Enquirer: 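There's a structure below that I have some questions on.
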Amino acid sequence: MALRESRRLGAPLGVAAVVAGLVAAQFVASLRNGLSNPVVSLGNRIIDHVPAAVKEFAIRVFGIKDKSALVISILLVVLILAVIIGRTFFSGKHRRAYGSVIVLTAIATLASLLDAGATIFSPLPSLVAGATAILILRWFDRRLRRTERDGQDGGALSRRDLFRALALIGVGTAAAAGASKFLRDRASAQLERLNVALPKPLKFLPPPPTDPALTTPGLSKLFTPNGQFYRIDTAIVVPNISVDTWRLQINGLVSHPREFTFQELTDRPVFELDDTIACVSNEVGGYLVGNARWLGIRLDDLIKEATPNAKADQVMGYSSDGFSAGFPLAILDGRDAMVAIGMNGEPLPLNHGFPARIIVPGLYGYVSATKWLTRIELTRFDQKQGYWVPRGWSALAPIKTQSRIDTPRDGSNINAGIVAIAGVAWAPTRGISHVEVRVGDSPWREAALGPEIAKTTWRQWWIDWAATPGEPSIAVRATDGTGALQSSNRTRPDPDGAEGWHTINITVT
Ligand SMILES: Nc1nc2c(c(=O)[nH]1)N[C@H]1C(S)=C(S)[C@@H](COP(=O)(O)O)O[C@H]1N2
Ligand SMILES: [Mo]
């Protein structure tokens, strides 16, 4: 009776043991930087090895939630394994169940040893997870045996006992989860960020003009608020960097390697830059693009002080979590590339690279915009490749001229009458000189353009259109500041950015 009962309880008990192990691991991982959560490490290894096509797919299907989807998938697989382990264990095959836990622990250990900056301590949480799961399984087993031996009303008693045990594990798990969250928050860069006082630029940029988006519902704002700014990176957990211990190194093929504390860096002259950044994975008409007023330190000055050797032809930024992005040294042609510390009047948000990142006007993010920056290396293209290059993306990646219709939305129904068609167009650093709109088969019409605050930023555009009933398609195309028309040839984002005119279909009734 007790045995049959226990077999049925195998699944929930297996899950309880494994979940308790994972929570114990998270608790240990939150005690100090450098201890890796096993699920995060497994996710990191998967992200490291996904081909460009899968990354594309994940971004398209899950958008910026791609990493939550990854973590949830890993947890689901682990939970399924936990059910199998629980059932195996409680049907008497103890060695096989322990063996499975040990194999899982070994995989997690290996995964955490491969994390950027891993030490021999990094797998500690994985080992704690494995040990916790095994101890809990053994404890359950002992209780089961005891109730069986005592023989008094076996099944009922063992079930009550086991539910009590489950409740205990539940409470312990919740307590550990709460404590680990508390510890993480206390150590958090979030608090330090609130205390960072941004230095003042020698000369402020003029205040932004009145935003046309105020009068055109649906049009993107001239400056994208930080909370709405797109986020793309490989970090499952945002790096938690303390400005007290943070250093920026500049080294590699240089005669004067440099190292700065956050204070030393921000004591230098800072300047403001209005710049639109874009992700190479952005589809035609997509939202992986945003405009901000950045505050930072001139990158060309920093590099000049380090004195690159004649052999150096690439500037590679590295983040605390092992990401890297490289671009030609020759790109620093006087343009306002910076080590950014501020975004739209605030210290960089954690999601966008606190305490410092690189911004290079005119280059896609994956070759330039390293967040959580810790090192800048002068190197050679024939010696080092940035993170995404061996994964199938181009080594050189200037931002292509693109335009997007924000309103009306693709597939929407609107009423006949006067309607605004509006959106944004960008071509940093060339600027936008014309935007044209075509409705159905009508000729292209020149759109009105919003203020050009800089050649590095996007420009809003709009036309008033007298909509009549039908199902028209609407297309947009931009001409950059050099007079070059945006390419009409539809291409995929990989290897160096999508091309084509954004075209939508709507219904007018
Ligand atoms: N450390 C780090 N920096 C990174 C990335 C990353 O994965 N890790 N992704 C880059 C890519 S692909 C883009 S498009 C931009 C996005 O910047 P955002 O998230 O601030 O919009 O960051 C870049 N910097
Ligand atoms: Mo990107």
Side-chain angles (χ1 to χ4, degrees), residues 43-44 46-48 50 52 55-56 58-60 63-67 70 115-117 189 223-241 246 248 273 275-283 286-294 296 315-327 337-344 346-377 386-389 391-395 397-400 402 426 428 458 492-498:
N44 285 338
I46 293 173
I47 290 176
D48 280 353
V50 289
K55 177 208 167 202
E56 268 307 301
I59 290 179
R60 192 156 45 230
I64 41 187
K65 297 262 182 294
D66 56 344
K67 278 172 309 243
L70 175 63
D115 274 336
F223 286 94
T224 315
N226 290 353
Q228 289 164 28
F229 212 94
Y230 84 96
R231 173 187 166 200
I232 290 287
D233 52 62
T234 60
I236 294 173
V237 178
V238 171
N240 206 12
I241 296 177
W246 179 84
L248 174 62
L273 163 71
D275 183 48
T276 296
I277 68 169
C279 182
V280 70
S281 296
N282 199 34
E283 302 273 350
Y287 284 81
L288 304 179
V289 55
N291 186 46
R293 178 161 290 184
W294 308 94
V315 180
M316 186 82 82
Y318 295 88
S319 70
S320 66
D321 65 351
F323 175 85
S324 56
F327 54 89
M338 59 163 57
V339 172
I341 54 171
M343 180 176 182
N344 290 326
E346 295 173 14
L348 278 184
L350 264 59
N351 283 344
H352 298 288
F354 180 82
R357 75 178 304 173
I358 293 180
I359 292 289
V360 182
L363 300 187
Y364 284 120
Y366 83 102
V367 290
S368 64
T370 306
K371 304 191 275 190
W372 312 295
L373 179 71
T374 54
R375 183 161 83 94
I376 296 171
E377 182 189 28
Y387 183 89
W388 282 112
V389 177
R391 292 169 173 82
W393 298 81
S394 171
I399 298 179
K400 294 178 179 175
Q402 280 196 2
W426 61 93
W458 63 18
R492 302 168 14 138
D494 61 292
D496 66 352

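These figures come from a predicted structure and were not determined experimentally. For ligands, and for the atoms within them, numbers begin at 1 and follow the listed sequence. In this chain, numbering begins with 1 at the start of the sequence shown.
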Enquirer: Could you identify the single nearest non-hydrogen protein atom to atom 24 (N) of ligand 1 and state the distance to 0.1 Å?
Expert: Ala369 O, 2.9 Å
Enquirer: Evaluate Trp372 for polar contact with ligand 1, using N/O atom pairs at a separation under 3.5 Å.
Expert: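 No, Trp372 has no N/O under 3.5 Å of an N/O on ligand 1.
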Enquirer: Hey, does Tyr366 have a side-chain heavy atom less than 4.5 Å from the side chain of Ser394?
Expert: yes
Enquirer: Which ligand 1 atoms does Tyr366 reach within 4.0 Å, using its non-hydrogen atoms?
Expert: 11 (C), 12 (S)
Enquirer: Which ligand 1 atoms does Phe229 reach within 4.0 Å, using its non-hydrogen atoms?
Expert: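 So the atoms of ligand 1 that pass are 21 (O).
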Enquirer: Which bit of Leu288 is near ligand 1, meaning a heavy atom under 4.0 Å away: side chain, backbone, both or neither?
Expert: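 It is neither; nothing of Leu288 touches ligand 1.
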Enquirer: Of all the non-hydrogen atoms in the protein, which one sits nearest to atom 2 (C) of ligand 1, and at what distance?
Expert: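 The answer is Phe323 CD2, 3.2 Å.
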Enquirer: Could you state the interatomic distance from OH (Tyr318) to CD1 (Ile376), rounded to the nearest 0.5 Å?
Expert: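 Between atom OH of Tyr318 and atom CD1 of Ile376 there are 11.5 Å.
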Enquirer: Hey, which atoms in ligand 1 end up nearer than 4.0 Å to a heavy atom of Ser319?
Expert: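 Checking each atom against Ser319, I get 1 (N).
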Enquirer: Give a yes/no verdict on whether any heavy atom in Ala235 is under 4.0 Å from an atom of ligand 1.
Expert: no
Enquirer: Roughly how far, to the nearest 0.5 Å, is the NE2 atom of His352 from the CH2 atom of Trp372?
Expert: 9.0 Å
Enquirer: Between the main-chain N or O of Tyr287 and the side-chain N or O of Asn282, is there a donor-acceptor pair closer than 3.5 Å?
Expert: yes
Enquirer: Return the CD1 to CE distance between Ile277 and Met343, rounded to the nearest 0.5 Å.
Expert: 6.5 Å
Enquirer: Heavy atoms, side chains only, cut-off 4.5 Å: are Thr234 and Trp388 in contact?
Expert: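 Counting from C-beta outward, Thr234 and Trp388 do come under 4.5 Å.
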Enquirer: Any N or O of Ile277 that comes nearer than 3.5 Å to an N or O of ligand 1?
Expert: no
Enquirer: For the pair Trp294 and Phe229, name the ring-plane relationship: parallel under 30°, tilted 30 to 60°, perpendicular over 60°.
Expert: perpendicular
Enquirer: Output yes when the distance from some N or O of ligand 1 to some N or O of Gly365 is under 3.5 Å, and no in every other case.
Expert: no
Enquirer: Would one find an N or O of Tyr230, backbone or side chain, under 3.5 Å from an N or O of ligand 1?
Expert: yes
Enquirer: Check each atom of ligand 1 against the heavy atoms of Cys279 and keep those under 4.0 Å away; list them by number with element.
Expert: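 Close to Cys279: 14 (S).
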Enquirer: Let me confirm one number: the CG-CG distance from Asn226 to Asn351, rounded to the nearest 0.5 Å.
Expert: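 Here the interatomic distance stands at 10.0 Å.
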Enquirer: If I take atom CG from residue Asp233 and atom OG1 from residue Thr370, how far apart are they, to the nearest 0.5 angstrom?
Expert: 11.5 Å
Enquirer: Regarding ligand 1, does Thr234 bring an N or O atom to under 3.5 Å of one of the ligand's N or O atoms?
Expert: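 Yes, at least one N or O pair falls under 3.5 Å.
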Enquirer: For atom 9 (N) of ligand 1, find the nearest protein heavy atom and state the residue, atom name and distance (0.1 Å precision).
Expert: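 That would be Ile232 O, 3.3 Å.
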Enquirer: Say whether Asp233, considering both its backbone and side-chain N or O atoms, lies within less than 3.5 Å of an N or O atom on ligand 1.
Expert: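 No; every N/O pair is 3.5 Å or more apart.
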Enquirer: Looking at Trp426 and Gly290, would you say the former's side chain and the latter's main chain have a donor-acceptor pair under 3.5 Å?
Expert: no
Enquirer: Does an N or O anywhere in Arg357 fall below 3.5 Å from an N or O of ligand 1?
Expert: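 Among all N and O atoms of Arg357, at least one is under 3.5 Å from an N or O of ligand 1.
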Enquirer: Which of the numbered atoms in ligand 1 are under 4.0 angstrom from any heavy atom belonging to Asp321?
Expert: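 By the 4.0 Å cutoff, the relevant atoms are 1 (N).
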Enquirer: Would you say Lys371 has any N or O atom under 3.5 Å from an N or O of ligand 1, going by distance alone?
Expert: yes
Enquirer: Quick check: does any side chain N or O of Arg293 sit under 3.5 Å from a backbone N or O of Gly342, one acting as donor and the other as acceptor?
Expert: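 Here the side-chain-to-backbone pair does not exist.
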